[in-house]
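In each ligand, atom 1 is the first atom listed, and ligand 1 is the first ligand listed. Quick caveat, the model's predicted, so the values are computed rather than measured.
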Amino acid sequence: MFSTAFLDLPPLQGASGTVTLPGSKSISNRVLLLSALCQGTTVVHDLLDSDDTRVMLAALRQLGCGVDVQGTTVTITGLGGQLKHHDAIEFFMGNAGTAMRPLTAALAVLGGDFTLKGVPRMHERPIGDLVDALRLLGCSIDYLGNDGFPPLHIGQPSLKVDAPIQVRGDVSSQFLTALLMALPLAAKTHDIVIDVVGELISKPYIDITLNLLARYGIAVKRDGWQRFTIPQGCSYQSPGTIHVEADASSASYFIALGAIAEGEGIRIQGVGADSIQGDIRFMDAAAQMGAKITSGPNWLEINQGAWPLKGITLDCNHIPDAAMTLAVMALYADGPTTLRNIASWRVKETDRIVAMATECRKLGASVEEGPDWITVHPLPKDGWKAASIHTYDDHRVAMCFSLAAFNADKVTVRIEDPKCVAKTFPDYFEALFSVAHANTQDIPVICIDGPTASGKGTLASRVAQALGYHYLDSGALYRVTAYAALKAGLSLEANDEARIADLARTLPVRFEGDTVWLGSEDVSDAIRTEQAGMNASKVSVLPAVRTALVALQHSFQRLPGLLADGRDMGTVIFPNAPLKVFLTASAAQRAERRHKQLISKGISTTLDSLRADLEARDARDSSRSVAPLKAAQDAYQLDNSSLSIEASVDQVLTWWQAKQPF
Ligand code: DC
C-alpha cells in the first residue's frame, strides 16, 4: 500500500495483463455479520482485508464472536442470536457505513448497553431513517450528538412486531439492508413486514442482501420493491463455507482501464457477468461507451473498442458507486456524458458530486452539476492540465482519477493521500502498476550520488519512501556480484573479468525492504561488511562487469518512479534523469558518522584512521579511470555536513517539487 502524502502518476501509455481483485466490501461485511448471528462456525474465503472489514471484525470480537483470521480466510464462530457479553461496550465504526448501519440494527434488536461512534465524517452521515424504523419496532436508541446522526446509544428494547414497520428507501438502501439482516432475530412469533416509503434507491444492493440471507437460511418474501416479509420462525443457518466474490465496484476501474488503454486487453479474475453484485452492470455502461467485454463465470476480459469513447446519458441509480468511474471515462469521450439519478453520491464518504466536478475541472474539463446529476465534457488533445487531485478521504475518488493518467497530453496526475484506497482496495495502485505501461522516458528517476559514507543510501531510501518510488542501491549490486563471484570460486581480478561479467548478467538478486536475496540466500549481512565493500570496489573497476550490470540497473526504472543511488547513476545509467543530487560532506563529518556506525556494531576503530581511510578512498575513487567519482554536470550539490537526515530529505523533495507542474 502507498502510504505517502501523495502519489504522482506519470503519463501512462497502455495496459495489458491479469488482475485478481480483492473481495467485495458489500458481500464481506454482510457475510461477517450474518455468520456472527448464526449458530456454529462459518469459514469465509476470499474476504476483503480493508479498513471497513477490520471495523466489522473488531466489533464482532467485542461482542464475543470467535474470529480466526488466516490471510483472506476467516472463520467466524457465531453467537446463535444470543449475546455472550452484557457489559457496556463502545464500538468504533470508523467511516464504514456497511458496518455502522447493519450493526446498529442488529444490536438494537439484541439489546444491551452499546455506544456506536465513528470518524467525524461518519457523524455527518444520516442514520435517522433507520433509527425511526427501529424505534417503531420498540428499540431503544438515543442520539449522543446531533439528531439523525451517529454517535448513538443503544439500550434494551421492548419489541412489538405485529404491525408493519416503515422505512424510507430514498436516502440509503443500507437502512433496509440493516433491517432485513437484523429482523430475523425478532421474527420468533410473527412474520415481520417492512414497507418501503418513497422510491427505493440502489436496488441491486438489496438484491445482494436477499441473496445472502437466502444462503443463510432466511427466505425473505419480496413484493415488488415496496414490501418485504420476514417469515415467522426463521433462523440463521450457517452455510458452512462461503466464498466472497471479487468486488464489482473495484472491477470498474479495470474495466475502464481496458476501454481506455491500448494493449492486449485486461483480464479480471474473481468476478464475472453472473455476479450477484449490482455494480457488475457497470460493464453494460462501459460497453455503451465503447469497451469490448467478454465474460465467463469468474472472469471478465476487456479490450479497447470505440475510440474515442462515446459520450452517453445514463440513469445510474442501479450502479451508484461504479458510476463515478464513468465520470472519468467521460473525459476520453467524443461528446458530453450525463449521469442522472445519483443523489446518493451526496451522502457517501464525501459529497461525491462536488468532488467529481471539482477534480474534473482541475484537469481542465467543463462540468455541470445539479442536485442529482452531473455532466462531464471530454478533454480534447491540448486541453489537459496537470493536476493534484484531492481525494476527500474517499477511496473511489482516488481510484477513479488514476485513470486520468492515460491523457493524450502526457500530463502528470498527482493523487493526494493515496492510502485512502485502503477502504476497499489497499493494493489498488500496485494492481494498476502491474498492468499499466509507461514509456520508459516518462518514468521519473532521481539520482543520488556522493562519496563513500556521505549518507547517500539513507537519503535515497528515505526520499524513495516519501514518494512511493522504487529504490536502487547500485552499490549493493556490485557487492552481490563480488560475493557471487567469490562463491563461484573466481578471483576478483581482471583475469576472471569475463566470467564475473557472465555472472553479473544473470544475477538472481532481489530486494525486499532491507533484505537482499541472492537466489534463495539472504545475503543482507554478508554484503555489508567492510571486506565486502572492498571486494565490490575491486569488481566495480572491471569494465565488462559494469556493462553487464547496465540492463539490470535499467530494469529498476518501473512505475511509479525510481530513486537510484550510486557512482554513475546520473552520468552513465540514467543520464536523462530529471533530478540529480551530488552529496558532499566533509571527510571529518563522514568519518564521525562511520565511526558511530562501526562502534554501534561493536567494531573498534579510531576516528583518525577512519578519516585517513576515507580521504585515501576519495582520492582513489575520483582518480580511477573506470567510473570515477564525479558529479554529473547538471547535478544539484548538497553539502549535508551540518544537516540532519530530515533536512536533507526535505531539500531533495523541495528540488523535486520545484520541477513538478502543480
Ligand atoms: O555504495 P557502496 O559502498 O555500496 O559501493 C560499493 C562499491 O561499489 C564502492 O567501491 C563503489 C562501487 N560502486 C560503483 O562503482 N558504481 C556504482 N554505481 C555503485 C557502487
Can you see whether Tyr428 engages Ser402 through a side-chain donor-acceptor pair at a distance of less than 3.5 angstrom?
yes
Give me the nearest non-hydrogen protein atom to atom 13 (N) of ligand 1 as residue plus atom name, then the distance to 0.1 Å.
Tyr478 CD1, 3.9 Å
Measure the acute angle between the ring planes of Phe556 and Phe511, then classify it against the limits of 30° and 60° as parallel, tilted or perpendicular.
perpendicular
Note the single closest protein heavy atom to atom 9 (C) of ligand 1, along with its residue, its atom name and the distance in Å.
Arg617 NH2, 4.1 Å
Side chains of Phe92 and Val55: does their closest heavy-atom pair fall under 4.5 Å?
no
Identity and separation of the nearest protein heavy atom to atom 20 (C) of ligand 1:
Gly475 CA, 3.5 Å
With Phe406, the side-chain contact (heavy atoms from CB on, under 4.5 Å) member among Leu257, Val328, Val413:
Leu257
Quick one: does Gln553 get an N or O within less than 3.5 Å of an N or O on ligand 1?
no
Between Arg624 and ligand 1, find which residue part has any heavy-atom pair under 4.0 Å and reply side chain, backbone, both or neither.
side chain
Note the single closest protein heavy atom to atom 19 (C) of ligand 1, along with its residue, its atom name and the distance in Å.
Ser474 OG, 3.3 Å
Show, in sequence, the C-alpha distance, side-chain angles and deciding distance for Arg121 and Glu349, and conclude whether the salt bridge (Lys or Arg N to Asp or Glu O under 4.0 Å) test is met.
CA-CA 7 Å; Arg121 174 65 187 166; Glu349 279 79 344; over 6 Å; no
closest protein heavy atom to atom 15 (O) of ligand 1 is Arg546 NH1, 2.8 Å
For ligand 1, is Met534 a contact, meaning one of its heavy atoms is under 4.0 Å away?
no
Any luck finding a side-chain donor-acceptor pair between Asp608 and Thr606 under 3.5 Å?
no
Atom 1 (O) of ligand 1 has as its nearest protein heavy atom Lys456 NZ, 3.5 Å
By the definition side chain to side chain donor-acceptor pair (under 3.5 Å), identify the one residue from Asp68, Thr72, Thr73 that meets it with Gln70.
Asp68
Among all protein heavy atoms in this structure, tell me which lies nearest to atom 7 (C) of ligand 1, with the distance rounded to 0.1 Å.
Ala536 CB, 3.6 Å
Which class fits the ring pair Phe2 and Phe429: parallel under 30°, tilted 30 to 60°, perpendicular over 60°?
perpendicular
Quick one: does Asp568 get a heavy atom under 4.0 Å from ligand 1?
yes
